Amino acid sequence: MVKAFRAKSVVSLMGENPARTRSALEAPLAVLDDGVLVADNGRILAVESFAAFRRGPHSLCPVTDLGEVRIAPGLVNAHCHLELSYLAGAVPGGAGFTSWVRSLVAQASRPVSPDTLLESIRAILLKQVVGGGTVHVGDVGSRNPALVAQAAGQACGVTHFLEVLGSDRLALAGRVPQELAAQGYCPEAAADLTPDRHPWCAVSGHALYSTDPKGLRAAFDWCRERGRPFSMHLAECAEEDDCLLHGKGNLYDMLHGRLLPPDWRHPGLRPVEHAGALGLLAPNTLAVHCVRCSPADVAILVRTGASVCLCPRSNRFIGVGLAPADLMAEQGVLLCLGTDSLASNEDIDMRREMKAAEDYWGFSDRAALRMATLNAAHALGLKHLGALAPGKAAVFSVYPES
C-alpha cells in the first residue's frame, strides 16, 4: 500500500557515495522544506515537496502529517555489544583498559538466565536504540547472538558479527561456518542465524592480542569471499601497543597463556601495522576504535580503504583517550560511529554519540549525521540504508525542527 509522510523538512538525498573527507562530511545537506516521503511496501518511491506531491501520481494516497519535525535517514550504530546490556552500570571505568577488562570478565562470568538476558536486550533496544532513531545495529556477539536476534525481531535490523576469540576455535581457514555452528550459533530461537544462511551475518575477530592470526585471517577471508564486512577491535589502548610491540605490560600479563597460547610471540609492530601485514585491512574491513593511530597508521588505513568506527564515549569512559578523528577525516578515512556496549557507556543512544563527535572533535551536526547514516551503512554493506532516496528502505529518524 502506498503511503506518504509529511514533515516540516526532510533531509533527502545524501548521495550514494560515503563522505571520506572533512569537506565532504561538512558539506550542506539536501533539505526539502514542507517535504513528503512516499513509500510502498517498505521502499521509498519519492522524496519531494508537498506541492510537487499534490501534483504527482501519488496525491490520493494516505498522508501522515508528522508536524513540526525534521525527518532524516535512520541512524546506523556500526558497533555495539547488545548481549552485554544486562551489565549496565556494573563495570567501572576510568582506570584504563586492562582494569576495565578485568572487571568486565568478572561481571560477565556470573551466571545469568537466558530470560534475564533476553529481557534486558529487548528493553534497551526499545528504549535506547529504536527509541533513539536507530534502525540498524552492527552487533558483535560471542555468546548470545540468537537472543539478540530474538529480541530485535522486526523492530530493528541487526548485522550479527559472530566474534572469534582465542586460538582454538578457528585454527584452519575454511572451517568458520562449521566451527560457529558447532559452538551453538543456530539454536531453535534463530535457526537460520548461521553465516552461510543469514544475509546479515558475518564473522569478526576480537583483536590482534586476543585472537590467533590464523583465526583472524580465516574470518577475514570468509567475509571477503562472501562480500560481507569484517570487523575487529584495533589500536584501542596503550596496553595493546605494549603487548604487540614489546611483549609486556598489564594486558600481555593478563592474556599470555590464556586466550593465546604460551608460545605466542609479539610481532614487534604497532597494531595497525600488524593488521596490515596480516592482510586484514581492506575496503570491507571495519576497524573499531583506532585510538592509538599515528600519522603513518592513518596512511595505512587510507591506502587499504578500511573504514573506522569511532566510539568516543566508550573510549572516554574506559580512559584510553580519543582517536585522531580530525586527521583521519582530513586524510580520507571513512569514519562512522558506534556506541559500544552498556559495559563501557552510559547508554547506546546514537544521538548522544553524534553529539559527542561534535563536542570532542568539532564536527558539525551535518558531519555527525553523515557518519551515523550514509557512512555507517556503507561500512556495514547496507545498500538499502543511509539515505532517503527512491529505492532505499523507508525507515527514518524524526527530530524536533529547530
Side-chain angles (χ1 to χ4, degrees), residues 42 74-91 104 107-165 169 176-204 206 219 222-223 226 228-229 231 286 338-345 347-350 376-377 380-382 384-385 393 395 397:
L75 304 179
V76 177
N77 186 342
H79 180 76
C80 192
H81 301 268
L82 286 169
E83 67 181 19
L84 299 180
S85 295
Y86 74 103
L87 294 178
V91 184
L104 173 64
Q107 292 293 334
S109 64
R110 295 179 180 179
V112 57
S113 72
D115 288 343
T116 298
L117 283 172
L118 179 61
E119 288 308 310
S120 67
I121 297 168
R122 182 174 287 147
I124 292 299
L125 271 166
L126 291 176
K127 183 177 180 180
Q128 298 182 12
V129 179
V130 178
T134 296
V135 300
H136 197 98
V137 177
D139 183 66
V140 179
S142 58
R143 296 182 179 181
N144 298 290
L147 287 179
V148 172
Q150 186 178 347
Q154 300 298 313
C156 181
V158 179
T159 295
H160 299 277
F161 286 106
L162 308 184
E163 189 172 63
V164 179
L165 277 162
R169 297 184 179 182
V176 176
Q178 296 91 332
E179 289 287 340
L180 290 168
Q183 292 166 38
Y185 283 118
C186 47
E188 293 181 5
D192 66 341
L193 192 60
T194 55
D196 278 325
R197 294 172 61 190
H198 197 294
W200 288 349
C201 193
V203 188
S204 70
H206 179 261
W222 188 94
C223 292
R226 290 158 179 80
R228 300 184 188 182
S231 174
L286 180 59
T339 61
D340 217 307
S341 76
L342 284 172
S344 67
N345 210 337
D347 56 63
I348 52 175
D349 188 329
M350 279 293 291
L380 295 182
L382 305 172
H384 63 297
L385 296 177
V395 290
S397 301

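Values below: all heavy atoms of this structure, side chains included; hydrogens, waters and symmetry mates excluded. It should be emphasised that the depicted structure is a prediction, and the values quoted were computed from it without experimental measurement. Sequence positions, counted from 1, serve as the residue numbers for this chain.
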Could you tell me the separation between the [atom1] atom of [X] and the [atom2] atom of [Y], rounded to the nearest 0.5 Å?
X: Leu84; Y: Asn345; atom1: CG; atom2: CG; value: 12.5 Å
X: His81; Y: Asn144; atom1: NE2; atom2: CG; value: 13.5 Å
X: Ser85; Y: Arg122; atom1: OG; atom2: CZ; value: 12.5 Å

Are Glu83 and Leu117 side-chain neighbours, meaning at least one heavy-atom pair lies under 4.5 Å?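 The answer is no; the side chains never approach within 4.5 Å.
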With the side chain counted from C-beta on, respond yes when Gln150 and Leu118 share a heavy-atom pair under 4.5 Å apart, and no when they do not.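 Yes, close enough: below the 4.5 Å cut-off.
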Ser113: partners by side chain to side chain donor-acceptor pair (under 3.5 Å), with sequence neighbours left out: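 Here the qualifying residues are Thr116.
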Residues 125-137, side-chain donor-acceptor partners within the protein, below 3.5 Å, at least two apart:
| from | atom 1 | to | atom 2 | distance (Å) |
| --- | --- | --- | --- | --- |
| Gln128 | OE1 | Ile348 | N | 2.8 |
| His136 | NE2 | Thr159 | N | 3.1 |
| His136 | NE2 | Thr159 | OG1 | 2.8 |

Which heavy atom of [X] sits nearest to which heavy atom of [Y], and what is that distance?
X: Ala78; Y: Leu286; result: O-CD2, 3.7 Å
X: Ser231; Y: Ser204; result: O-CB, 3.0 Å
X: Leu82; Y: Ile121; result: O-CG1, 3.3 Å
X: Val76; Y: Leu382; result: CG1-CD1, 4.3 Å
X: Cys223; Y: Pro229; result: SG-O, 3.4 Å
X: Gln107; Y: Tyr86; result: O-OH, 4.3 Å

Under 3.5 Å donor-acceptor, Asn77 side chain and Met350 backbone: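 Answer holds: no.
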